[in-house]
Amino acid sequence: MKNITILGSTGSIGTNALEVIRNKREEFNVIAMSGHGNYKLLLEQIEEFNPKYVSIGTEEGYKIIKERYSNLEVYIGNEGLKKLGQLDETDIILTAVSGAVGIEATIEAIKKEKRIALANKETMVAAGDLINNMLKEYKAEIIPVDSEHSAIYQSLLGGKREEVKKIIITASGGTFRGKTLEELREVSVEQALKHPNWSMGRKITIDSSTLCNKGLEVIEAHQLFGVDYDEIEVLVHPQSIIHSMVEFNDMSIIAQLGVPDMKVPIQYAFTYPNRVENSCLESLDFRKLSNLTFDEVDNKVFKGVELAYKAGRIGRSMPAVYNAANEVAVDKFINKEIKFLEIYEIIEKTMDAHEVHDVLTLEEVIRADKWARKEAGRKKLWEN
Ligand code: NDP
Ligand code: MG
């Protein structure tokens, strides 16, 4: 029996993970879970999964949970997430909060030498240098949950690391694939929130429509697999059936395919190196696929990928700045304070204004993150 801690159990990845666990109750026990604003759903999850520890984002939720469950250890806010990262009883911790708030808990889990099922890509983007250094010291392991990185992780098993020629990350192209700059100027939040293939949280759905999600994934791949940016390619594949691929020196390409459902990579991260039956899902039926198509990213329209390559190549604190500026810009877009294309403008101007520094300690990561949030939040930045 494996004890699972889920950071962000009330989110899209979190609820998918609970579905995986629901079908494997004899193998997995939920030891801890966290929600932020949605304490009602967290209450339902506590009732069903009976964890020992929970953390919640609001005072209101904290009081209600504490009153109702006197035997439960209840924590609150960022400190609460950090506490969940420190639990000795955890075997696997799934980091599925949205945004850079996941960093501290992940660092705690590394110190405890846990298996980290990493969905929270923002952590690897903002704090990748620090995390990679820590992984040299502590025997923690990171198994990616992001579908592309899970695919790359699996494909890499097909050869030796020094035999890798390049990594090909596939991208659905998002809701606005094929649109011109002119057409994108006036698109609404509601339009951006409609993803063709994946049902996900709001932030990542907007990131998919700007292709900043793919940008974050390029940096995530560099940090997870130690591959140069010149050896990472992004390929638009609208059907999301091939989740990513690795080309080896002999020109062989190994890809991972499957139904586009996050329960596959979540379960893989839980059971690796084993592959066990996934009773939540049906087989991919190739006969029902009319075609698989591939295309270039339209970098003139969707600047999210190129900006990420630039941030990644500069390195040090720049990826953290790209990430934080994007988080601020996405919030503003969701709150209807800015237009769609201004998301790129905010990221670009924040990056231009940044003086890079190392991010080898948590303090340095927080410094870059805070600086970028403040800079990206300045009104003047996009009002000229
Ligand atoms: P959701 O928005 O659906 O869920 C986010 C979770 O984090 C919720 O449990 C939410 O709590 C919690 N949360 C939000 N803000 C905070 C905060 N400030 N402090 C603590 N907890 C917080 O996101 P997703 O599940 O879609 O994504 C989660 C992560 O996984 C992201 O990093 C995303 O990039 C990554 N990912 C997601 C994929 C997907 O298919 N959804 C695919 C690949 C990666 P509450 O709802 O209670 O407020
Ligand atoms: Mg992904």
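When a ligand or atom number is given, it counts from 1 through the structure's own listing order.
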Short N/O distance, under 3.5 Å, between [X] and ligand 1?
{"X": "T10", "answer": "yes"}
{"X": "N78", "answer": "no"}
{"X": "G201", "answer": "yes"}
{"X": "G14", "answer": "no"}
{"X": "S12", "answer": "yes"}
{"X": "D146", "answer": "no"}
{"X": "H36", "answer": "yes"}
{"X": "R202", "answer": "no"}
{"X": "G35", "answer": "no"}
{"X": "G11", "answer": "yes"}

Just to be sure I read this right, does ligand 1 sit under 4.0 Å from the backbone of [X], its side chain, both, or neither, counting only heavy atoms?
{"X": "V145", "value": "neither"}
{"X": "V101", "value": "side chain"}
{"X": "E122", "value": "side chain"}
{"X": "S98", "value": "both"}

No-hydrogen, no-angle side-chain donor-acceptor test under 3.5 Å, [X] and [Y]:
{"X": "N23", "Y": "E19", "value": "no"}
{"X": "N38", "Y": "T10", "value": "no"}
{"X": "Y53", "Y": "E89", "value": "yes"}
{"X": "Q239", "Y": "H237", "value": "yes"}

Using a 4.0 Å cutoff against the non-hydrogen atoms of I204, which atoms of ligand 1 qualify?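 Result: 26 (O), 33 (C), 34 (O), 36 (N), 37 (C), 38 (C), 42 (C), 43 (C), 44 (C).
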
Could you tell me which atoms of ligand 1, counted from 1 in the order shown, lie closer than 4.0 angstrom to a heavy atom of G37?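 So the atoms of ligand 1 that pass are 45 (P), 47 (O), 48 (O).
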
Taking atom 25 (O) of ligand 1 as the point of reference, which of I56, I6, I13, T205 owns the nearest heavy atom?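 Answer by nearest heavy atom: I13.
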
Looking at I64, N50, L43, V54, which one forms a side-chain contact (heavy atoms from CB on, under 4.5 Å) with Y69? L43

Would Y138 end up clustered with V365 when hydrophobic side chains under 4.5 Å apart are linked, directly or stepwise? yes

Does ligand 1 have an atom that lies less than 4.0 angstrom from a heavy atom of M262?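 Per 4.0 Å heavy-atom rule, M262 contacts ligand 1.
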
Contact check, A96 vs ligand 1, heavy-atom distance below 4.0 Å: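 Checking ligand 1 against A96, which is what was asked, there is a heavy-atom contact under 4.0 Å.
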
I want to verify a count. Protein N, O or S atoms less than 2.8 Å away from the Mg ion (ligand 2), how many are there?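 Atoms of protein N, O or S type lying less than 2.8 Å from the Mg ion (ligand 2) total 3.
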
Of the options Q223, K121, Q154, E220, which is the one that meets H149 in a side-chain hydrogen bond (donor to acceptor under 3.5 Å, both in side chains)?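 Single pass found, and it is E220.
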
